[in-house]
Structure formats: structure tokens, C-alpha cells
**Student:** 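To start, I am sharing the structure in question, which I have written as C-alpha cells.
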Protein chains: 2
Amino acid sequence: MAGDTSGQTITAVERTALVMSAFAQADSQHLGVTEISNNLDISKAVVHRILNTLRSLDYIAVDPATRRYMLGPAALELGLAFLRHVDVRDIAKPMLEELSAKTQETATLSIRSGTHRLYIDQVTPSREVKMTVLLGRSFPLHAGGSSKAILAHLAPEDIEDYMSDVVLEPLTELTITDPDLLMKDLARIRRLGYASSVNERQPGAASVAAPVFDHSGWPVAAISLCGPAERFQDQADEAAALIVAAGRQLSERMGYRG
Amino acid sequence: MAGDTSGQTITAVERTALVMSAFAQADSQHLGVTEISNNLDISKAVVHRILNTLRSLDYIAVDPATRRYMLGPAALELGLAFLRHVDVRDIAKPMLEELSAKTQETATLSIRSGTHRLYIDQVTPSREVKMTVLLGRSFPLHAGGSSKAILAHLAPEDIEDYMSDVVLEPLTELTITDPDLLMKDLARIRRLGYASSVNERQPGAASVAAPVFDHSGWPVAAISLCGPAERFQDQADEAAALIVAAGRQLSERMGYRG
DNA sequence: ATTGACGTTCCACTAGGCGGAACGGGGCGG
DNA sequence: CCGCCCCGTTCCGCCTAGTGGAACGTCAAT
């Protein structure tokens, strides 16, 4: 993944990026020229010129008293711009397409909204019998693969709250309505990294789903593969592996640091 | 001011910083090589090499389908690192909450970044019609309450520089674009201790803002209260008193000695 | 006073970046 | 369905602009 060396690069730029990363990863906010120079094995002269250049554009600030360097406001601007631009839907779209193409089943994306979750996108395969979900429709967090994938990774106290505040209403005959059973299932989901569901939310439908974490580590969305129950079961394992990988990749691109 | 050219610099690094800033300030998340090349007047080959280098270190991500570029997770890491080291935000948080609770309007915190300022935090009230600002978005120092509160308290020569170097671009129909009028307003702001603005930065929005001084006496941030113009005007005086007190308190806690 | 460590600048060398031009491919309109 | 156009990408020779070892100035601690 990272550290790809394909294509042409510029060493000066690479060094600049390394210097910035040194600040991002440092414990203390101040770093000195020599310190950076030693750590990255770049000559002091170069480190100084890089810092000086970045300073003129507010990416780096310098404390005139101590002559030490720290990150500047422009660095923050970058980070917040990333957050502003990150749109799960855009990023997930190509993944949904790939997932659907590979399995010939329906791939969906849901986001959490309080005690519910709602579908915000889907890609369906080109075949006669297939599943289609209702975009924008909201479902409680205890029924269905995507729902459980999110619920399982909330803070323990939030899960407790959900269990006590929300009545576990059944959507089908197979919806889990017993808190203890649900808790057990959630633990299993955390262990496996994905949730699976058969006829829980919709009769005749089965799914596997993985959580999507944002930069602060909370599950904000879920990505799933679903289809008609009888045929879907056959490839559930394969689908699970795919969905876990997709969830992980999507989380990374949302800024989640595993 | 910003844009200091003292000392030695590296053009490749400067260009890199400009490219990154292009992403930070862009409205859309995707930017193309040609687009950047034209805007910054850098040859396509160079832009491509810069992006490719940054990509290998996760500062930039590329959509393989569209071949367009966007900010990568490392950019977020930078921003979060900056926040970790800046304590204005932590100190201000409870004040923002109190301000918002008392007035039932939105309280914001901005910091200066060269000739701009950007929102780094906000607390919004629980009501249906309310104002929300875009965190990380940067605005020039002449438009809006928070901007003017900072500008007014810069060193006189820095204000002069700003007026002469920066075109007073209008963001709305009511943005002050006449240098003389702006100077008069700044004087008023210094006299009153707070800045107020109606429809200057955003149509339909009004605000009052106070500067926040660091230990060396320079305005590094601004704290504000803002809301929908018509309803906010009614309690502007009350809000002004609150914001002045908050600004003073925050400055003290940043090490400012009146 | 002396030392050492640090940030900063100097200077000659040459490695490395530069950019105009050519290439390849994907999308859009005809 | 084809051709056109535009975009991202790479090529290649020129030469500028970055490099880094060394020297300098400054400060703090000894």
C-alpha cells in the first residue's frame, strides 16, 4: 500500500513529506533541526531550508525564543479539509460496484443516524432475481447485518443504553429480540469482524456486513453484501471475506488508523 | 506577516505546499493535474511528480477510476497533530458551551493563519433554526466578526500591509471593501473591545466576536457568537458583553497579561 | 572564559529536477 | 460505432537549482 515507488518522484518533496510526518508523529510539539536531521538522515542544511520554506506558507511555525519548530495553522487547514471532503458515499461507490460484480449480488452502504441506520447507496447485479433495498429507509440497530455491524462496535455504554432504551422490536419472525442473545451475537461479530444475518430484517433475505470507522474510531457506517437467502448462503464465506476487506479499506480512507 | 521570504528556501517544497493548499481551499474534493497546473502556473509534469510523490506517503490519494487526486489520510494526521498541541481549543471548549447555552446561539472559535483565519471549533444550540459554520474553511481577515476582531489588533504595520497587499474581496454584498471604511471600523472595534458583523461574510448571518491574545500580546484567535441575522440583532448587546468577557478570560488563560 | 551544541549560511559541484513534446487511453459527441 | 479531444503520464536533454560538508554566530551551561 503505502510507500509505493511507482512512477516519477521528487526527492525534495519526499523529504518534505517525511519532515511533516515527523511532526505529526512526534510526542512533543517542538522539534529542532538537528533532531530531525538525525532521525531522518537528511543534512541539517536541507532540513533547515525545508522548514524555512514551509514556515513562509504557515505549514510550520517557529518559536523565535527557542528557535524550535512546530506545526502551523495551515497543517490544521489540511486536516479539516480532509474531513470536509470525505464523503463515505463517493469513496464507497467504486467498492460497491466491485463487490457486486465479483459476487453477482447486491452491495449496500448504510450510515448510522442515532438509534437507527439507513441505506444511502446500493449497487445491484444484472440478473433477474436479485435484492433491492430502499434507499433512505431507516431501520433499528438490532436487526439485519449492517445494523448489527454498527451496533457491535459502539461504545459499551452506548450498547447498554440502546438495549435498555429501545424495545427490541421484531421486524420478522427471526429478528433477535432477546437482549442476552443479541449481546452474544454482537460479541461474535466483534470477534469475526463482520456480521451476518438471515431473515432477520427481511424475510427471504440474507447478508454479511462490515463496520466502517471514521477517523475517531467510531462506526459511522456499514457496508454489506446481500441477496436471496437460499442462494446467498452458499457463498456467504466468500462474501464475508470480501466485505471485511472492503470495510477495512473504506475505514482507512475515512481517516481511520487501525 | 505571512509570506516571509527571509532565509533560504526550496522552490520544489514551496510548490508542494501550494499544491497541498490548493486541495485545502478547493470546494470539491477532487482535483486534476491540469486544473492544478493552470491555477498555480506550474507545469503539468511537475504537478504530476509532486502528486505522485505525496501519494506514496499517503498525503494524497488517487481515485484509480477517474485518475483524479484528493487529500489522503496523512493530511488528517497532520491536522490532528496540530490540534493535539494547541491548547486554545481545549481551554475554549467549555466557554463555547456556556456561551451557546446562555444565548441559544452558535459559539465559534477561530485561529489566525497568515492573512486568513479558520474555524477550529463550534458549539451549536439545540433548536431548529441555527447557524453552523464549516470547520477548517478559511476566510480573509477583513470579512466577518471574528476576522475583524483579529485584524483590528494586529500591529499597525501589519494592518497596513494587509490593506495594501490583499485585495478586499467581497464575500457578500455587504462586505466592507473600502479601506478607509474598514480602518474606521477597526478603530471602533478596538475602542469597544469587540467586532460585530451583519451579512458581511455570509448572507443572513450576524455575529459578535472578541479577539484572543497569546502571552506575547498578539491576537492569535477569535471567539464569537453568531446566528440568523434578524433574530440575533435583538440580543446583540447582551451577546457582545458575554463575548468580551469570554475573550478576556480566554486570553488570560493563554498567558496574556492585560 | 571555555566548551559544546545548535541554528544558520556559504560555496562549488553536479545530481536532480525541469518542461516542452510526445504517448496512450478513456469519454463524449457525432 | 468511430474518431476526436482532452487528460494523465512519461520521455529526454539542458542546465538550473538543490546539495552537503564546512564554517560561522549565538546561546547556555560549565
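Below, chains carry the letters A, B, ... as their sequence lines are ordered, and counting in each starts from 1.
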**Student:** Taking B/G144's backbone N and O only, do any of them form a donor-acceptor pair with B/E200's side chain (distance below 3.5 Å, no angle check)?
**Tutor:**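 Side chain of B/E200 to backbone of B/G144, a donor-acceptor pair under 3.5 Å: yes, one is there.
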**Student:** For B/T53, is there any backbone N or O sitting under 3.5 Å from a side-chain donor or acceptor partner on A/T9?
**Tutor:**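 Side chain of A/T9 to backbone of B/T53, a donor-acceptor pair under 3.5 Å: no, none is there.
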**Student:** Taking only residues two or more places apart in sequence, or in another chain, which ones meet B/R89 in a salt bridge (Lys or Arg N to Asp or Glu O under 4.0 Å)?
**Tutor:**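 Testing B/R89 for salt bridge (Lys or Arg N to Asp or Glu O under 4.0 Å), a comparison that skips the adjacent residues, returns B/D121.
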**Student:** Would you call B/R137 and B/D27 a salt bridge, using N to O less than 4.0 angstrom?
**Tutor:**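 Between B/D27 and B/R137 there is a salt bridge, with a charged N closer than 4.0 Å to a carboxylate O.
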**Student:** Considering only residues two or more places apart or on different chains, which pairs with a residue in residues 36-49 of chain B satisfy salt bridge (Lys or Arg N to Asp or Glu O under 4.0 Å)?
**Tutor:**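 Not a single pair qualifies under salt bridge (Lys or Arg N to Asp or Glu O under 4.0 Å).
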**Student:** Please name all residues satisfying side-chain contact (heavy atoms from CB on, under 4.5 Å) with B/S216, sequence neighbours left out, ordered by chain then number.
**Tutor:**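 With neighbours one apart ignored, the set is B/D214, B/W218.
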**Student:** So, does A/Y69 get its side chain near the phosphate of C/dC6, meaning an N or O under 4.0 Å from OP1 or OP2?
**Tutor:**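 No.
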**Student:** Take the protein atom CZ of A/R67 and the nucleotide atom C1' of C/dT8, then report the distance between them rounded to whole Å.
**Tutor:**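 After rounding, the reported distance stands at 8 Å.
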**Student:** Report yes or no: does B/S251 contribute a side-chain atom to a donor-acceptor pair with the main-chain N or O of B/F213 at less than 3.5 Å?
**Tutor:**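 Checking the backbone N and O of B/F213 against the side chain of B/S251, a donor-acceptor pair under 3.5 Å is found.
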**Student:** The criterion is salt bridge (Lys or Arg N to Asp or Glu O under 4.0 Å); which residues satisfy it with A/R231, sequence neighbours excluded?
**Tutor:**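 Expected list: A/E105.
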**Student:** Sequence neighbours left out, what passes side-chain contact (heavy atoms from CB on, under 4.5 Å) with B/L18? Give chain and number order.
**Tutor:**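 By the side-chain contact (heavy atoms from CB on, under 4.5 Å) rule, B/L18 matches A/L57, B/L40.
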**Student:** May I ask you to decide if B/Y162's main-chain N or O and B/H142's side chain share a donor-acceptor pair within less than 3.5 Å?
**Tutor:**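 Side chain of B/H142 to backbone of B/Y162: no pair is present.
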**Student:** A/S37 side chain to A/V33 main-chain N or O, any donor-acceptor pair under 3.5 Å?
**Tutor:**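 No, the answer is negative, given that no donor and acceptor are paired below the 3.5 Å cut-off.
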**Student:** With the criterion being N/O to N/O and under 3.5 Å, what pairs connect the protein with nucleotides 16-20 of chain C, and how long is each?
**Tutor:**
residue	atom	partner	partner atom	Å
C/dG16	O3'	A/T11	OG1	3.4
C/dG17	OP1	A/T11	N	2.4
C/dG17	OP1	A/T11	OG1	2.6
C/dC18	OP1	B/R15	NH1	3.2
C/dG19	OP2	B/S43	OG	3.4
C/dG19	N7	B/R49	NH2	3.0
C/dG19	O6	B/R49	NH1	3.2

**Student:** Just the table, please: protein N/O against nucleotides 3-5 of chain C N/O, every pair under 3.5 Å.
**Tutor:**
none

**Student:** What pairs of donor and acceptor atoms, side-chain ones from residues 64-77 of chain A against any protein atom, are under 3.5 angstrom apart with sequence neighbours left out?
**Tutor:**
residue	atom	partner	partner atom	Å
A/T66	OG1	A/R68	N	3.4
A/R68	NH2	A/H30	O	3.3
A/R68	NH2	A/E35	OE1	3.1
A/E77	OE2	B/S138	OG	3.1

**Student:** What's the CZ-C1' distance between B/R55 and D/dT9, to the nearest Å?
**Tutor:**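 After rounding, the gap between these two atoms is 12 Å.
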**Student:** Rounding to a whole Å, what distance do you find between A/D41:CG and D/dG21:C1'?
**Tutor:**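 The answer, rounded to whole Å, is 14 Å.
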**Student:** Going by the rule salt bridge (Lys or Arg N to Asp or Glu O under 4.0 Å), which residues pair with A/E98 if we only count those two or more places apart in sequence or in a different chain?
**Tutor:**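 With neighbours one apart ignored, the set is A/K102.
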**Student:** Just to confirm, is there a sub-4.0 Å distance from OP1 or OP2 of D/dT9 to any side-chain nitrogen or oxygen of B/H48?
**Tutor:**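 True: B/H48 side-chain N/O within range (under 4.0 Å) of D/dT9 OP1/OP2.
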**Student:** Which whole-number value in Å describes the distance from B/I36 CD1 to D/dG8 P?
**Tutor:**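 After rounding, the gap between these two atoms is 8 Å.
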**Student:** Under 3.5 Å, side chain of A/S100 to main-chain N/O of A/L96, donor-acceptor pair present?
**Tutor:**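 Pair absent, no side-chain N/O of A/S100 close to backbone of A/L96.
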**Student:** Identify the pairs formed between an N or O of the protein and an N or O of nucleotides 3-6 of chain D at a distance under 3.5 Å, and give each distance.
**Tutor:**
none

**Student:** Round to the nearest Å and state the distance from B/D63 atom CG to D/dC7 atom P.
**Tutor:**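 For the pair B/D63 CG and D/dC7 P, the rounded distance is 17 Å.
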**Student:** Please state how far atom CG in B/N52 lies from atom C1' in D/dC7, giving the value in whole angstrom units.
**Tutor:**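 Between C1' of D/dC7 and CG of B/N52: 16 Å.
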**Student:** Check each residue of residues 17-34 of chain A for a non-hydrogen atom within less than 4.0 Å of any atom in DNA chain D, then write out the ones that pass by number, or none.
**Tutor:**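 Residues of residues 17-34 of chain A under 4.0 Å from DNA chain D: none.
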**Student:** Using only heavy-atom distances, decide whether a donor-acceptor pair under 3.5 angstrom links the side-chain of A/K44 to the base of C/dG7.
**Tutor:**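 Check passes, donor-acceptor contact within cut-off.
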**Student:** Starting from the first five and the last five pairs of the helix from C/dA1-D/dT30 to C/dG30-D/dC1, work out the angle between the resulting helix axes, to 10 degrees.
**Tutor:**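 Overall, the helix from C/dA1-D/dT30 to C/dG30-D/dC1 bends by 50° from one end axis to the other.
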**Student:** For A/Y119, is the NZ or CZ atom of A/R117 found under 6.0 angstrom from the centre of its six-membered ring and inside 45 degrees of the ring axis?
**Tutor:**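 Cation-pi check for A/R117 and A/Y119: passes.
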**Student:** For B/Q29 and A/D87, does a side-chain donor sit closer than 3.5 Å to a side-chain acceptor?
**Tutor:**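 Side chains of B/Q29 and A/D87: no pair found under 3.5 Å.
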